[in-house]
Q: 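Quick one: structure below, then a few questions.
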Number of protein chains: 2
Amino acid sequence: MIQAPLQAQTRADEAFDCLQTAIVKGDLAPGEKIGEVELCSRFNLTRGPLREALGRLESRGLLVRRPHAGVKVVSVSAAELLELYRIREVMEGLAARQAAERMPDEEIRDLLATLDTHERMIEEAQGQAYYQAEGDYDFHHRIATGSRNTKLAQMLLGDLYYMVRMYRYRLSTSAGRPHLALGEHRRIVEAIAQRDGELAEFLMKRHINAARQNIEKKIDEGVLTI
Amino acid sequence: MIQAPLQAQTRADEAFDCLQTAIVKGDLAPGEKIGEVELCSRFNLTRGPLREALGRLESRGLLVRRPHAGVKVVSVSAAELLELYRIREVMEGLAARQAAERMPDEEIRDLLATLDTHERMIEEAQGQAYYQAEGDYDFHHRIATGSRNTKLAQMLLGDLYYMVRMYRYRLSTSAGRPHLALGEHRRIVEAIAQRDGELAEFLMKRHINAARQNIEKKIDEGVLTI
DNA sequence: GTAGGCTGAATTGTTGACAATCGTTTGAGG
DNA sequence: CCTCAAACGATTGTCAACAATTCAGCCTAC
């Protein structure tokens with residue numbers, strides 16, 4: 001039995017949060033076929049709110065549902081994971097450009113301070129890439145909201161990041177290049193601070209492209225098996 | 001009372017389709033506050049499947065729902081509509097590039113044939129921009145699926161296009177430049193046929209950028225009031 | 001021995017009734 | 001006359017029982 005992470009305003013919200021974190025954290029393995037009644041007893045819910053949450057999750061592509069046949073967690077292939085990074089490349093590139101145009105000075109200062117925190121975290125917890133992964137998520141999160149493009153932020157935060165994080169937890173992808181990534185983050189923020197949208201977009205696209213190539217290399221080497 | 005557009009496999013699917021088309025077609029005006037029981041009698045449904053569909057639609061951003069306070073159709077401002085086109089620019093640019101890399105020859109031939117059909121439509125129904133709008137939708141639809149990027153196609157077809165179409169029906173935006181748009185379409189397909197991904201991306205981005213500027217101009221002129 | 005169809009059980013989809021919450025209206029007080 | 005508060009009404013959120021469909025196992029036929 002798992003409790004709700006945030007105080008949800010309704011049972012359906014609670015169910016949605018529970019299931020989402022369960023999927024992202026890997027408590028519900030990809031491809032796993034799950035019954036509704038089992039989920040109900042596991043999360044202390046009734047089937048009404050649960051079904052509502054299942055509908056939302058299906059619409060977001062985190063699970064697939066065949067009529068009368070049950071639901072199962074979506075399983076993303078290696079090729080599809082790389083495709084995800086291709087989408088991130090162009091969307092976050094746009095986010096960086098618009099953040100350079102619109103992000104308030106105060107938020108930029110906060111973001112710089114956050115990067116310092118990340119640096120300390122990396123130095124302290126050497127090798128523990130987990131913090132770096134969380135820090136990386138935080139960075140991209142702030143850029144997305146900083147773009148002041150409602151729909152763009154919604155698509156990045158609501159759709160893409162959850163799917164990417166799903167594999168972050170499992171593989172700790174960016175292990176090995178924490179300092180490198182941090183340096184790239186810094187240069188992106190510098191470009192945003194100088195209100196150079198074109199440069200910010202270029203740097204962000206290159207940053208994500210590098211991350212993608214890193215994953216691709218590991219897959220080719222057989223280190224990552226998906 | 002409105003019937004389901006496609007044969008849905010379940011009541012919830014039916015509800016989802018009905019509501020989606022109703023919102024897109026404008027039968028449910030933006031900002032309109034609607035009660036659940038009213039929707040039930042209108043679409044011949046019970047509240048269970050309806051609520052499931054509402055959850056899906058909320059997750060897709062077509063309506064907003066406050067607990068115990070009812071649901072209302074989302075109302076997009078002029079600024080947000082332009083932001084949508086910014087997102088389309090980068091995402092469909094990527095779609096065009098990947099379509100150039102992966103779209104089968106047969107699909108490309110079909111697409112070319114479709115363009116010929118569009119041309120006849122424009123010549124026959126002079127000034128009636130409706131057909132052009134539908135044709136335009138068809139074109140972008142095919143490029144998206146042609147990219148063979150599952151998530152990209154899902155995001156374009158499932159999220160963005162419905163919001164754009166919502167305003168197409170109301171404003172018939174691209175009225176006035178049907179032949180221009182068709183020519184741009186042709187050049188994009190030519191680039192795809194020649195497997196020139198870089199050029200296809202460039203042309204697609206410019207095409208959507210032109211459409212955005214067209215809308216922006218009309219808004220400034222006061223022709224379009226949103 | 002294998003392929004095909006059939007029956008039964010389990011699971012999902014649906015329905016209607018019940019409980020909780022919010023908005024509105026009405027009344028009293030300043 | 002205006003403001004604030006409380007109760008009413010309406011609407012949403014939740015629940016448990018019913019109906020429909022699929023899947024698995026078994027039997028039969030070839």
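Everything numeric in this text was worked out from a predicted model, so none of it was measured. Letters A, B, ... mirror the listed sequences (proteins, then strands); counts begin at 1. All heavy atoms count here, side chains included; hydrogens, waters and symmetry mates do not.
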Q: Under 4.0 Å from any heavy atom of chain B: name the first and the last nucleotide of DNA chain D that qualifies, 5' to 3'.
A: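 Range of nucleotides touched by chain B: dT12(D) to dT14(D).
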Q: Can you list the residues that meet the side chain to side chain donor-acceptor pair (under 3.5 Å) rule with Arg97(A), with sequence neighbours excluded?
A: Glu201(A)
Q: Could I get the full list of ring pair (Phe, Tyr, Trp, His ring centres under 6.0 Å) partners for His68(B), not counting sequence neighbours?
A: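 By the ring pair (Phe, Tyr, Trp, His ring centres under 6.0 Å) rule, His68(B) matches no residue at all.
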Q: For Gln213(B), check side-chain contact (heavy atoms from CB on, under 4.5 Å) against everything at least two apart and list the hits.
A: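 Gln213(B) satisfies side-chain contact (heavy atoms from CB on, under 4.5 Å) with Asn209(B) once adjacent residues are dropped.
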Q: Can you list everything that forms a side-chain contact (heavy atoms from CB on, under 4.5 Å) with Leu157(B)? Sequence neighbours excluded, please.
A: His141(B), Ala144(B), Thr145(B), Tyr161(B)
Q: Under the rule for side-chain contact (heavy atoms from CB on, under 4.5 Å), what residues qualify as partners of Glu36(A), not counting sequence neighbours?
A: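 Checked Glu36(A) against side-chain contact (heavy atoms from CB on, under 4.5 Å); matches are Arg47(A), Leu50(A), Arg51(A), Leu54(A), Arg65(A).
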Q: For nucleotides 9-17 of chain C, read 5' to 3', which letter fits each nucleotide if B means a protein heavy atom sits under 4.0 Å from the base, S means only the sugar-phosphate is that close, and - means neither?
A: ---BBBBS-
Q: Mind checking ring pair (Phe, Tyr, Trp, His ring centres under 6.0 Å) for Tyr162(A) and listing every partner two or more places apart, or none if nothing turns up?
A: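 Expected list: none.
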Q: Could you name each residue pair satisfying salt bridge (charged side-chain N to carboxylate O under 4.0 Å, His left out) that touches residues 72-83 of chain A, not counting sequence neighbours?
A: Glu83(A)-Arg102(B)
